[in-house]
A.B. asks: 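Before anything else, here's the structure in question.
Numbers here simply count residues along the sequence, with the first being 1. Keep in mind it's a predicted model, so treat the numbers as computed, not measured.
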Amino acid sequence: MKYNRCGRSGLLLPEISLGLWHNFGSVDNFENAESIAIEAFDKGITHFDLANNYGPVPGSAEENFGKILLHNFQGNLRDEIVISTKAGYTMWKGPYGDWGSRKYLLSSLDQSLKRMNVDYVDIFYSHRPDPETPIEETMMALDHAVRSGKALYVGISNYSAEQTRVAVDVLKQLGTPCLIHQAKYSMLQRWVEDGLLDVLEEKGVGCIAFSPLAQGLLTDKYLNGIPENSRAHNPNGHLREDEVTQERIQKLIQLNEIAQNRNQSLAQMALAWLQKDKRITSVLIGASSVKQLCNNIDCLQNTEFSHDELNAIEKILA
C-alpha cells in the first residue's frame, strides 16, 4: 500500500480507504463487517470513513465500528488508524438534527464520539453545504471541533468548487486549515473535473473520491441486466433500477472489454482509473465481503494507462 500526502499537510492517507456507508449497520452481519475491517487494516488500509447517519439504522455503523475498535484495535493501534466522521444530513427529528448549524455539527460530533467510544476523530467533515446557514458559522463549528481536541483535522464534502473556495478561505482565516474534500467521483460521475480539482490543487487541499464504482454499476454485476442480489434491488441501497439503462449497460460492456485486456475486472480498472490523477489523495471503497475487499485492493497492481486506453475510455464515456 502506498500512502499519499493529503494536500499541504503532515497527514498521509492510503491509496485505498475503507468506507462504512454500507454493510456495517444494524441490519448487517457484524462478524462479516469485523472481518472486512481487520482484513483491510492487515492489507495496509489505515483510514476508516464513517458519518453520523451511516447504518441503517442511523448511527449503527459508528456503534459497530466502536465495537470493532474495542475488540481489535486496543492500545497503540488507535494511533495507527485514521477515523473520519461527518455531520450534515438528517440524523434526528426536529430543527437541530440536520444541515450545518454550529449546534447540530458539534452535538452530532459528541454523539459520534460516544457511539465509537473514542476521545477524538482524526477528520471531522461538514457533510454538505447548508443553503440557510452562513458558511462562516459552519466553518467556525469545524474550527471549534479541532480547538476542543475532538478532531485533529477537518474537511468538507459535496461542496461545489466555488463553495469550496469560500470554505477553505474562511477556515484559513480561523487558523484551522481545510485538510480534505470528499467528493463523489467515478467514470460515470465526473463533476469534480469541472473546477473543483483545480481549486483543491490551488488551495493545497486533498481529495478523496467516494462512490468510485457508482454504487456498483462499474462492476461486472450489471453486464447482463439487473441481478436479484444487486444494490439496485436492495431497498436500503442508493442505486435505483432506472439508473441501470440499456445505454449504460452497453458502455459497461465496452469498458469491461478494455479491463479484460488489462487483466483486470471492470471494478479494478474503474478504481485504477481514478488513481491516475495525482490530485486524488485516496479512493474510498466499500466492501460486502473480505473477498470483494481483496479484489478491489488488487486494482493497485496495475494503475498505469496507455494513451490508447485512456482515449478509448473517453470515447466510450463521451
Side-chain angles (χ1 to χ4, degrees), residues 3 6 9-14 16-26 28 30-89 91-92 97 102-127 141-157 176-180 182 206 208 210 282 284-287:
Y3 298 87
C6 191
S9 79
L11 188 67
L12 300 174
L13 293 181
I16 298 290
S17 299
L18 181 64
L20 280 64
W21 186 10
H22 301 292
N23 305 308
F24 282 78
S26 57
D28 301 300
F30 176 80
E31 288 73 21
N32 181 58
E34 186 174 41
S35 297
I36 293 170
I38 293 170
E39 182 68 20
F41 183 73
D42 289 344
K43 285 287 195 295
I45 293 179
T46 54
H47 178 211
F48 298 88
D49 179 78
L50 298 113
N52 58 352
N53 62 342
Y54 286 178
V57 296
S60 60
E62 289 182 328
E63 290 176 357
N64 282 336
F65 187 66
K67 295 175 185 176
I68 293 170
L69 287 175
L70 180 64
H71 296 159
N72 304 280
F73 295 92
Q74 285 292 306
N76 291 338
L77 282 179
R78 170 64 183 94
D79 299 325
E80 298 297 324
I81 62 176
V82 172
I83 301 171
S84 60
T85 195
K86 318 175 195 74
Y89 283 92
M91 183 59 194
W92 63 84
R102 179 185 180 93
K103 182 171 179 60
Y104 171 46
L105 293 181
L106 295 179
S107 59
S108 177
L109 176 56
D110 285 340
Q111 293 178 21
S112 292
L113 297 179
K114 289 178 182 177
R115 280 191 290 268
M116 290 186 281
N117 193 29
V118 295
D119 296 325
Y120 69 94
V121 292
D122 297 272
I123 306 171
F124 182 51
Y125 287 92
S126 167
H127 207 167
L142 296 184
D143 172 68
H144 179 81
V146 171
R147 295 185 185 278
S148 66
K150 296 175 182 179
L152 300 186
Y153 302 92
V154 294
I156 55 178
S157 182
T176 297
C178 182
L179 175 81
I180 192 167
Q182 186 171 134
I208 183 168
F210 78 87
S282 185
L284 192 61
I285 65 170

A.B. asks: If I compare all heavy atoms of Gly149 with all of Tyr120, which pair ends up nearest, and what's the gap?
C.D. replies: O-CB, 3.4 Å
A.B. asks: Look at Asp122 together with Arg78 and state whether they make a salt bridge at an N to O cut-off of under 4.0 Å.
C.D. replies: yes
A.B. asks: Find out whether Ile123 and Gln182 are in side-chain contact, i.e. whether some heavy atom of one side chain is under 4.5 Å from a heavy atom of the other.
C.D. replies: no
A.B. asks: Inspect the surroundings of CG in Asp42 and state if more than 12 heavy atoms from other residues, nucleotides or ligands are less than 6.0 Å away.
C.D. replies: yes
A.B. asks: Has Asn76 got more than 12 heavy atoms of other residues, nucleotides or ligands less than 6.0 Å from its CG?
C.D. replies: no
A.B. asks: Could you check if a side-chain atom of Asn64 sits within less than 4.5 angstrom of a side-chain atom of Lys67, using non-hydrogen atoms only?
C.D. replies: yes
A.B. asks: May I ask you to test the Ile68-Phe48 pair for a side-chain heavy-atom distance under 4.5 Å?
C.D. replies: no
A.B. asks: Atom OH of Tyr89 and atom CG of Asn53: how far apart are they, to the nearest 0.5 Å?
C.D. replies: 9.0 Å
A.B. asks: Take Phe65 and Tyr54, measure what ring-ring contact (aromatic ring centres under 6.0 Å, His included) needs, and give me the verdict at the end.
C.D. replies: CA-CA 11 Å; Phe65 187 66; Tyr54 286 178; over 10 Å; no
A.B. asks: Give a yes or no on this: more than 12 heavy atoms of other residues, nucleotides or ligands lie within 6.0 Å of atom CG of Asn117.
C.D. replies: no
A.B. asks: Indicate whether any N or O donor in one side chain lies under 3.5 Å from an N or O acceptor in the other, for Ser108 and Asn52.
C.D. replies: yes
A.B. asks: So do Cys6 and Tyr153 actually touch side chain to side chain, heavy atoms under 4.5 Å?
C.D. replies: no
